[in-house]
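A short write-up of the structure that comes next.
Source: prediction; values computed, not measured.
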Amino acid sequence: MLNMTGLDDAAGMPKLDGSCWDVAVVGAGPAGAAVALELARRSRSVLLLDRQAFPRGKVCGACLSRGSLEALAGMGLGALAKDHGAVPLDRLELTAWGTRVRLPLRGAAALSREVLDAALVAEAVRAGATFSPRTHATLGALVTGGRAIRARRSGEVMALRARVVVAADGLAGALLGRSDGAHSTAGAPDSRVGVGAIFEASEADYPAHAIHMAVGRHGYVGSVRLEDHRLNVAAALDPALLRSVGSPGEAVASVLDEAGVPAPPGLTEVGWSGTPPLTRRPDRLGAERVFAVGDAGGYIEPFTGEGMAWAFAGARALAPLLSRSVDSWTPEVLEEWEAWHARSLRSAQSICRSVTWLLRRPTLSRGTARLLRRFPWMATPLLHGASTHPRLPLERGA
């Protein structure tokens, strides 16, 4: 394994001005790093860019579902989570309005985004990709056989180009919206926003090996123990709640209180990060020589780590299309990508849509919690379906 602390070595930053690449991937989260890894393995020249320094955290539940771990195994990274100390998760402890339900989980794990994302980038670099952190990229015009890109790093502005560009810049990414013919839509009108923090807390109320989920009228809060024993807290909250209480910590505390879950000490003092609206969908998934993947290609509220499986599956499905586009661009390739996305990824997200619909209806969710407390086995098909990663298309010639 590459030394993760060396990913952000300023002295080793690659020269970008005037360079040309087969594929430029903007955003080094799970989807972007996985795309870079898959393309580098296909002997393509790959530039992976991210505007932040590495390693870095993200607002995330830090859960890898069984589908996520299976997707990693499909990329030849079956040992990655275990090798980096991922905490096995064997149960979901769901609490709603004083009713607590314990549901079994199979094959899930918790791993911080600082460690996971850096490990994936390190694997992409090992495969031959070039990584440039602290680099802000904007999309330029079409050029002969590719796209122009303007990159800014440490005050230096650089011009480069790539035959194909991948927008993997997340919920807040604007790369896709700046491409011709592709404009991202705003978040859904009733979308919740995400907030997250990691801090020290006693294991008495939040033991390891479990996802602790608290549900209230205005959102839900998930907590897991990480590989270093810190507590990762992530919540999906109504924007109105955040406006009414004044701080993310107080909003999270109010949801926990309504659910009947004790708030960890220091919840309102710790530094919180936030996200744009969680549920959103772009008008298109790309433009000429530009493809969107991961959260940049649309997102809905996940529940127990499904978002990672969607990211990995999308990256693996897109990789062969990108490789073909390097050799010869045709509009039909983008149509293939949009068709797979609509058929497979949005279908895989349907269970999470149903769960989030239920969680917004207090009477139904309260009754469901009481029913599951008596018959926990009834949740097995739901948890199994949510943890399954989308099917991949067969590559041409396979």
Side-chain angles (χ1 to χ4, degrees), residues 16-29 31-32 34-36 38-40 42-51 129-130 132 135-152 157-186 280-299 311 314-346 393 395-396:
L16 300 181
D17 199 33
S19 59
C20 181
W21 306 82
D22 289 336
V23 182
V25 182
V26 180
V35 164
E38 293 287 315
L39 268 295
R42 286 170 164 81
S43 300
R44 301 299 187 176
S45 62
V46 182
L47 175 63
L48 178 60
L49 306 165
D50 198 281
R51 65 189 306 168
T130 297
S132 181
T135 305
H136 183 270
T138 54
L139 192 66
L142 283 164
V143 296
T144 302
R147 278 278 188 174
I149 300 172
R150 181 177 181 269
R152 187 175 70 250
V157 177
M158 298 161 287
L160 57 138
R161 63 189 181 93
R163 291 181 175 85
V164 183
V165 178
V166 178
D169 49 346
L171 284 172
L175 194 80
L176 176 63
R178 291 172 182 148
S179 61
D180 48 292
H183 302 283
S184 296
T185 60
R280 55 179 57 220
R281 181 185 297 177
D283 296 328
R284 295 199 66 195
L285 292 177
E288 187 166 348
R289 295 184 179 272
V290 185
F291 296 82
V293 71
D295 297 355
Y299 193 71
R316 295 183 65 202
L318 180 58
L321 301 180
L322 290 169
S323 191
R324 283 165 47 196
S325 297
V326 169
D327 293 329
S328 176
W329 163 262
T330 63
E332 289 74 23
V333 180
L334 179 57
E335 293 172 5
E336 286 184 51
W337 171 232
E338 292 185 324
W340 179 85
H341 202 280
R343 180 179 64 253
S344 300
L345 202 54
R346 290 176 188 167
E395 293 195 36
R396 292 186 178 180

Heavy-atom neighbours of R161 CZ exceed 12 at 6.0 Å:
no
Mind listing the closest non-hydrogen atom pair of [X] and [Y] along with its distance?
| X | Y | answer |
| --- | --- | --- |
| G32 | L48 | O-CD1, 3.9 Å |
| A129 | A40 | N-CB, 3.8 Å |
| L49 | A137 | CD1-CB, 3.8 Å |
| L16 | L160 | O-CB, 3.6 Å |
| A168 | V25 | CB-CG1, 4.2 Å |
| L285 | G297 | CD2-O, 3.3 Å |

For S45 and V23: C-alpha separation, side-chain torsions, deciding distance, then whether side-chain contact (heavy atoms from CB on, under 4.5 Å) applies.
CA-CA 6 Å; S45 62; V23 182; over 6 Å; no
Could you tell me how the ring of W340 sits relative to the ring of W337: parallel (under 30°), tilted (30 to 60°) or perpendicular (over 60°)?
parallel
Is there a side-chain contact between [X] and [Y] in this structure, where contact means two heavy atoms from C-beta onward sitting under 4.5 Å apart?
| X | Y | value |
| --- | --- | --- |
| V35 | L322 | yes |
| T130 | V46 | no |
| V165 | W21 | no |
| V290 | R147 | yes |
| F291 | V333 | yes |
| T138 | I149 | no |

Side chains of T135 and R51 only: does a donor on one sit below 3.5 Å from an acceptor on the other?
no
Salt-bridge present (R324, E336; N to O < 4.0 Å):
yes
Answer yes or no: is there an ion pair linking D22 with R42, defined by an N-O contact shorter than 4.0 Å?
no
Is the backbone of [Y] close enough, under 3.5 Å, to the side chain of [X] for a donor and an acceptor to pair up by distance?
| X | Y | value |
| --- | --- | --- |
| S325 | L321 | yes |
| D169 | L175 | yes |
| R289 | R163 | yes |

side-chain contact (heavy atoms from CB on, under 4.5 Å) between V26 and V166, worked out
CA-CA 6 Å; V26 180; V166 178; over 6 Å; no
